[in-house]
There are 2 protein chains.
Amino acid sequence: MEYQETTAGQPFSLSNVSLFHGLPEEQVRELTRIAVPRLVEKGEEIFQAGEEARGFYVVKSGSIKIYRAAMNGKEQIIHIWSQGDMFGEVPVFQGTTFPASARALQRSKLLFFQRKAFRSLIRDEPDLGMNMIALLAGRLRLLVGQVATLSLKEVPQRLAAYLLLLASTQESDELRLELPKGQIASYLGTIQETLSRTLRRMAEQEVIAMRGRHISILDKSQLENLASGQQQL
Amino acid sequence: MEYQETTAGQPFSLSNVSLFHGLPEEQVRELTRIAVPRLVEKGEEIFQAGEEARGFYVVKSGSIKIYRAAMNGKEQIIHIWSQGDMFGEVPVFQGTTFPASARALQRSKLLFFQRKAFRSLIRDEPDLGMNMIALLAGRLRLLVGQVATLSLKEVPQRLAAYLLLLASTQESDELRLELPKGQIASYLGTIQETLSRTLRRMAEQEVIAMRGRHISILDKSQLENLASGQQQL
DNA sequence: CGATACTTTGAAGTGTGTCAAACTCTGTGG
DNA sequence: CCACAGAGTTTGACACACTTCAAAGTATCG
């Protein structure tokens with residue numbers, strides 16, 4: 001029996017992975033040859049920050065969190081990747097260890113690419129190199145935004161921005177939170193309790209309505225004002 | 001009369017720039033041909049976050065801060081670059097606008113590389129592409145660290161880590177702060193007053209001694225414990 | 001249906017930001 | 001070389017956003 005992903009199994013092919021986009025058929029076959037499948041269970045650790053890396057991953061299905069943990073138990077989620085995204089690529093090109101840890105948020109299928117094999121592919125295929133550069137640049141943009149957000153914005157602003165992001169991703173003002181709220185808090189750089197209280201305040205002011213993991217955006221323009229800091233909660 | 005930089009004019013050549021490291025003589029000449037020199041005064045704005053980019057820069061001398069500003073006047077310094085570093089490269093490869101702003105911390109000489117010209121060079125020279133990938137990966141590592149630091153560590157921990165970084169860079173336990181303390185605060189994700197108070201507490205506990213912009217590390221192991229969070233201030 | 005994971009709420013504590021004022025360097029021009 | 005202006009720094013009193021700790025409540029899944 002085939003494994004069933006929580007996220008309905010959209011068709012996956014290597015040529016849909018943006019890292020491999022536009023590559024000639026022949027190169028994609030070569031990539032298929034060197035890719036090593038790996039199945040990880042929900043909650044399973046994939047690698048830890050500081051660990052020596054032997055290669056990187058592409059997500060075939062499921063979702064993976066990239067995070068850093070402090071000794072006091074708090075953790076900061078750096079990013080959440082799902083189908084078609086790569087992760088763990090930094091030590092393929094710079095240094096030897098992973099800068100952050102990775103853990104499966106649900107049962108996920110991964111493809112592992114060995115450092116050496118991949119580097120030799122990239123040498124022969126300039127387009128693959130350019131794809132990689134564009135992806136890394138995009139991640140820099142994201143991370144610069146994250147640094148600024150964490151340091152310059154307060155929790156209500158960050159949460160508002162996050163809800164608007166979800167709305168634009170899901171193309172609807174009726175949102176379904178795909179993650180437990182504790183994980184969302186960790187992504188926003190805060191804790192569960194604070195997130196809960198902030199959501200309640202937003203609901204009290206009728207910016208949103210909330211029933212469990214379902215959130216309705218009632219007043220989008222106010223949410224936008226909150227996100228940009230023009231307005232206080 | 002030649003312009004005099006505050007940082008004594010170390011010799012500069014394109015082949016010392018890590019982006020261009022290991023390139024054949026011929027390519028370096030081509031780079032020299034397309035590079036446009038630009039002189040910026042202390043405090044001068046080079047570009048703003050959100051602005052359309054036409055290319056990126058390499059620092060020939062001086063120093064440049066990359067930062068994001070909030071409407072309330074607070075700013076977060078993302079990085080400070082000096083001789084041999086590139087900056088503003090993200091929109092060359094992804095998107096069209098700068099993710100952050102850039103301003104000269106002192107009179108600086110820059111080299112500007114036009115987006116289109118550079119992209120055509122990189123297509124012909126795989127080594128240049130690999131250098132770029134390695135540099136971008138290194139920046140991702142830095143930024144991941146910064147996100148984690150801002151969210152997981154308190155000001156004393158961040159400051160301790162910063163002082164240790166300075167000590168290792170300057171290869172001495174007698175430090176000189178190259179920046180005004182307000183700028184350092186902005187880099188650490190806090191404000192001048194808090195930085196001042198934290199430094200005083202460190203001095204009171206005889207972890208450091210401070211005279212103006214000169215700081216002596218008195219107890220390095222305690223500073224390391226502070227940085228790792230094993231110890232409180 | 002029961003166990004476990006997740007979420008909410010309250011009360012109290014703490015680190016950091018804000019505002020305002022005084023103080024101290026630093027470099028420049030007289 | 002001194003005086004001065006402006007930038008940079010320190011300090012205090014206060015406010016407040018956020019975390020911590022603890023407990024109860026609610027979903028969720030096998």
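Per chain, numbering begins at 1; letters A, B, ... match sequence-line order.
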Would you mind reading off the distance between [X] atom [atom1] and [N] atom [atom2], rounded to a whole angstrom?
X: B:N72; N: C:dC19; atom1: CG; atom2: C1'; result: 14 Å
X: A:M210; N: C:dC6; atom1: CE; atom2: P; result: 17 Å
X: B:L188; N: C:dG17; atom1: CG; atom2: C1'; result: 16 Å
X: B:K74; N: C:dT16; atom1: NZ; atom2: P; result: 11 Å
X: A:L199; N: C:dT7; atom1: CG; atom2: P; result: 10 Å
X: B:Q192; N: C:dC23; atom1: CD; atom2: P; result: 17 Å
X: A:H214; N: C:dC6; atom1: NE2; atom2: P; result: 21 Å
X: B:R211; N: C:dT26; atom1: CZ; atom2: P; result: 12 Å

ask   = Do A:Q94 and B:R141 have side-chain atoms, one donor and one acceptor, less than 3.5 Å apart?
value =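 Yes, B:R141 and A:Q94 have a side-chain donor paired with an acceptor closer than 3.5 Å.
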
query = Taking side chain as C-beta onward, heavy atoms only, is B:F56 less than 4.5 Å from B:R115?
reply =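 Contact flag for B:F56/B:R115 side chains = no.
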
inquiry  = I want to check something: taking the side chain as every heavy atom from C-beta on, are B:L166 and B:R176 in contact at a cut-off of under 4.5 Å?
reply    =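 Contact flag for B:L166/B:R176 side chains = no.
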
ask   = Who pairs with B:E75 by salt bridge (charged side-chain N to carboxylate O under 4.0 Å, His left out), at least two apart in sequence or on another chain?
value =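 B:E75 satisfies salt bridge (charged side-chain N to carboxylate O under 4.0 Å, His left out) with B:K65 only.
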
message = Within residues 146-156 of chain B, which residues have any heavy atom lying less than 4.0 Å from an atom of DNA chain C?
response =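 Per residue number, the list reads B:E154, B:V155, B:P156.
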
request  = Identify whether the distance between the nearest side-chain nitrogen and carboxylate oxygen of A:R200 and A:E204 falls below 4.0 Å.
outcome  =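 Looking at A:R200 and A:E204, the cut-off is met.
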
ask   = Salt bridge check: are B:E89 and B:R139 linked by an N-O gap of less than 4.0 Å?
value =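 Salt bridge between B:E89 and B:R139, a charged N being under 4.0 Å from a carboxylate O: yes.
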
task = Anything under 4.0 Å to a heavy atom of chain B counts; send over the first and last such nucleotide of DNA chain D, read 5' to 3'.
result =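 So the contact region on DNA chain D extends D:dG8 to D:dA13.
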
ask   = Base, sugar-phosphate alone, or nothing: which one does B:R197 contact when heavy atoms must sit under 4.0 Å apart?
value =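 Result for B:R197 = base.
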
Sugar-phosphate only, base, or nothing, as touched by B:G182 at under 4.0 Å among non-hydrogen atoms =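 Touches sugar-phosphate only.
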
query = Any idea how B:Y187 and B:H79 line up, ring-wise: parallel (<30°), tilted (30 to 60°), or perpendicular (>60°)?
reply =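 Ring orientation of B:Y187 relative to B:H79: perpendicular.
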
inquiry  = Tell me whether the side-chain N/O atoms of B:T194 come closer than 4.0 Å to OP1 or OP2 in C:dT16.
reply    =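 So the side chain of B:T194 is outside the cut-off, no N or O lying under 4.0 Å from OP1 or OP2 of C:dT16.
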
inquiry  = Check the phosphate of C:dT8 against A:R200, side-chain N and O only, distance under 4.0 Å to OP1 or OP2. Yes or no?
reply    =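 It does not, given that no N or O in the side chain of A:R200 lies less than 4.0 Å from OP1 or OP2 of C:dT8.
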
request  = State which of C:dA20, C:dT8, C:dG17 makes the closest approach to the side chain of B:E193.
outcome  =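 For B:E193, the side-chain atoms sit closest to C:dA20.
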
query = Per the ring-ring contact (aromatic ring centres under 6.0 Å, His included) rule, which among A:Y57, A:F112, A:Y67, A:W81 passes with A:F87?
reply =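 Going through A:Y57, A:F112, A:Y67, A:W81 one by one, the ring-ring contact (aromatic ring centres under 6.0 Å, His included) with A:F87 is satisfied by A:Y57 alone.
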
message = Main chain of B:L110, side chain of B:R38: is a donor-acceptor contact present, judged purely on distance under 3.5 Å?
response =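 A pair under 3.5 Å: no.
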
